[in-house]
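Residue indices begin at 1 and follow the sequence shown.
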Amino acid sequence: MQPNRVIIHVDFDYFYAQCEEREKPSLKDKPVVVCIYSGRGEDRGAVSTANYIARKYGVRSGIPILEAKRKLKDVDAAFLPANFELYEKVSENIMNILKSYADKFEQVGVDEAFLDVTQRTNESYEKAKELAQKIQTEILEKEKITVSIGIGPNKLVAKIAAGRQKPLGLTMIKSEEVESFLTPLPVNELLGVGKKTTEVMHEMGIKTIGELAKFDLEKLVKQFGKVLGIYFHNAANGIDFSPVQERGMAESISHILTLKEDTRDLDTLLEVAYKICNDIYDRARELNLNFKTISTQLVLQDMSGSSRAKTFEAPVDSLDVLKKTTKELFQKLLEETPEELKARRLGVKISGFSTGRQAQKHITEFVED
Ligand code: DCP
Ligand code: CA
Ligand code: CA
C-alpha cells in the first residue's frame, strides 16, 4: 500500500535579484531589476526578474528592459546584468543543503526542488513543518537567501502551496484540506494552464480550480484532448501520483552507428555523423544540458579504434557548432589513420555538461498551452 506521502516543495524567493542583494546589501531598499541584454543595442533585452519593491511598480519577468525603465523612471532603481555564474553557484549550494533533508530529491530548474520526506517524518505533517523551518533557517544562515516552502500530500499541492506566501513563506496543506485549499484559486495556478488555456477555460465558464474540478470530464476531453483533459480534471481535484524523482545528470550522450559500406569518404561519413549529431543534440535539449566537449570516434576495418575530441572553454548549446566541430574532428581522424583501412563504424559524443540557464523556463514552456 502506498503511504500517505508528505511532499515538500521549495522555491527560492525572487531568486536572481536576491542573489544580487546578498552580494550588495545596499540594494535591499530599492527596486532591483536583473536584465538579460540581447546585445542588439543599449537597453535592448528582457527583464529576468525583479525584487518585490520593483514588482510594486509593475516590473515583471519577461517585460522589455525599456518598459521597466519607464515604470521606474522617477525612482532610484538598480538595473543589473544577469550574473548566471553567481546564481548557479548559490543554487548548487542550496540544493546540496536541501538534499540532506530528503528521502527522495528532485531539482526542478535553478530555483525549485521537491523533497519526499514521507519516511523521515513518519507521515507526520507536524514533523514536516519542523523540518521545513529547519531548512529555511539553515539556508538563511549559510547562504543568506530566503526560500518559500509548501507542504502537501503530492507534488501538485506542495508546489501551489509554496507559491501562496512569499518571501520566507511556509504553507501546509493536509490531505483533508486539499479541496478547500484549491477550490477558490484561479485555474492558472495549475501547472500547464498558461495564458491561452486560461482564456479558453474562461470562455467555457471555468474561472476557478473548483469550477474546473466539477466540470464535465467528457467536455474537457473534447476541448483539450484525452491526455490534457484528464490531466486538468485530476489536477483540479488535487490528484497527482507523480513520484519525486532524482534527475540524474548524464555524464555523456553518445551514439555510434555502423556504416552501410566501409568507406573513407568524408561526405559519406558526415552524412551519418550529422544524423547522430541531430539525435544527441535533441536529447541534450530535452534534458536542457549544454556541453563543453565534443568527441568523435572511428572504428576501422581491422577493428582498431581512434578518437579525437575538442573541448570548449564555455558551454556550447548550438547544433551548428556541434556539426562544424564534428566535421573538423573527422577530417583530422581521416588524416591520422592509415589510408588503406576504411572506416566501419563511427560515433559522436557530447559531455562536460552544465544545465542550460533557462532550465526552468523550458520545463514550463513544455507543459504550457
Ligand atoms: N527567470 C528568467 N526569466 C523568466 C522567468 C524566470 O530569467 N521569464 C529566472 C529569474 C528568476 C528565476 O528564473 O529569479 C526563478 O524564477 P521564478 O519564476 O521562481 O521567479 P523568482 O524566483 O524571481 O520570483 P518568485 O519570488 O516569485 O519565485
Ligand atoms: Ca522563485
Ligand atoms: Ca521558480
Less than 4.5 Å apart, any side-chain heavy atom of Y16 and any of L86?
no
With distance as the sole criterion, is a donor-acceptor pair present between the side chains of [X] and [Y] under 3.5 Å?
X: D11; Y: S148; answer: no
X: D116; Y: T118; answer: yes
X: R55; Y: T49; answer: yes

Straight-line distance of L72 CG to E67 CD, nearest 0.5 Å:
10.5 Å
Atom pair NZ (K342) and CG (L300), whose distance is rounded to the nearest 0.5 Å
12.5 Å
Ion pair present between [X] and [Y], side-chain N to carboxylate O less than 4.0 angstrom?
X: R22; Y: E143; answer: yes
X: D279; Y: R283; answer: yes
X: K155; Y: D240; answer: no
X: E138; Y: K142; answer: yes
X: E189; Y: R164; answer: yes
X: K159; Y: E112; answer: yes

If you count heavy atoms of other groups shown closer than 6.0 angstrom to [atom1] of [X], is the number above 12?
X: E42; atom1: CD; result: no
X: K323; atom1: NZ; result: yes
X: Q119; atom1: CD; result: no

Using the six-membered ring of Y52, assess whether NZ or CZ of K166 lies under 6.0 Å from its centre and within 45 degrees of the ring axis.
no
Indicate, with yes or no, if I253 and L322 share a hydrophobic cluster defined by side-chain heavy-atom contacts under 4.5 Å among Ile, Leu, Val, Met, Phe, Trp and Tyr.
yes
Co-membership, hydrophobic cluster, residues L257 and L269, 4.5 Å side-chain
yes
What is the minimum heavy-atom distance between [X] and [Y], and which atoms define it?
X: A17; Y: A50; answer: CB-C, 3.9 Å
X: M95; Y: A113; answer: SD-CB, 4.0 Å
X: I65; Y: C35; answer: CD1-CB, 3.6 Å
X: A46; Y: G62; answer: CB-O, 4.1 Å

Please check if the side chain of S91 supplies one atom and the backbone of V110 the other of a donor-acceptor pair under 3.5 Å.
yes
How are the rings of Y281 and F291 set to each other: parallel, tilted or perpendicular (split at 30° and 60°)?
perpendicular
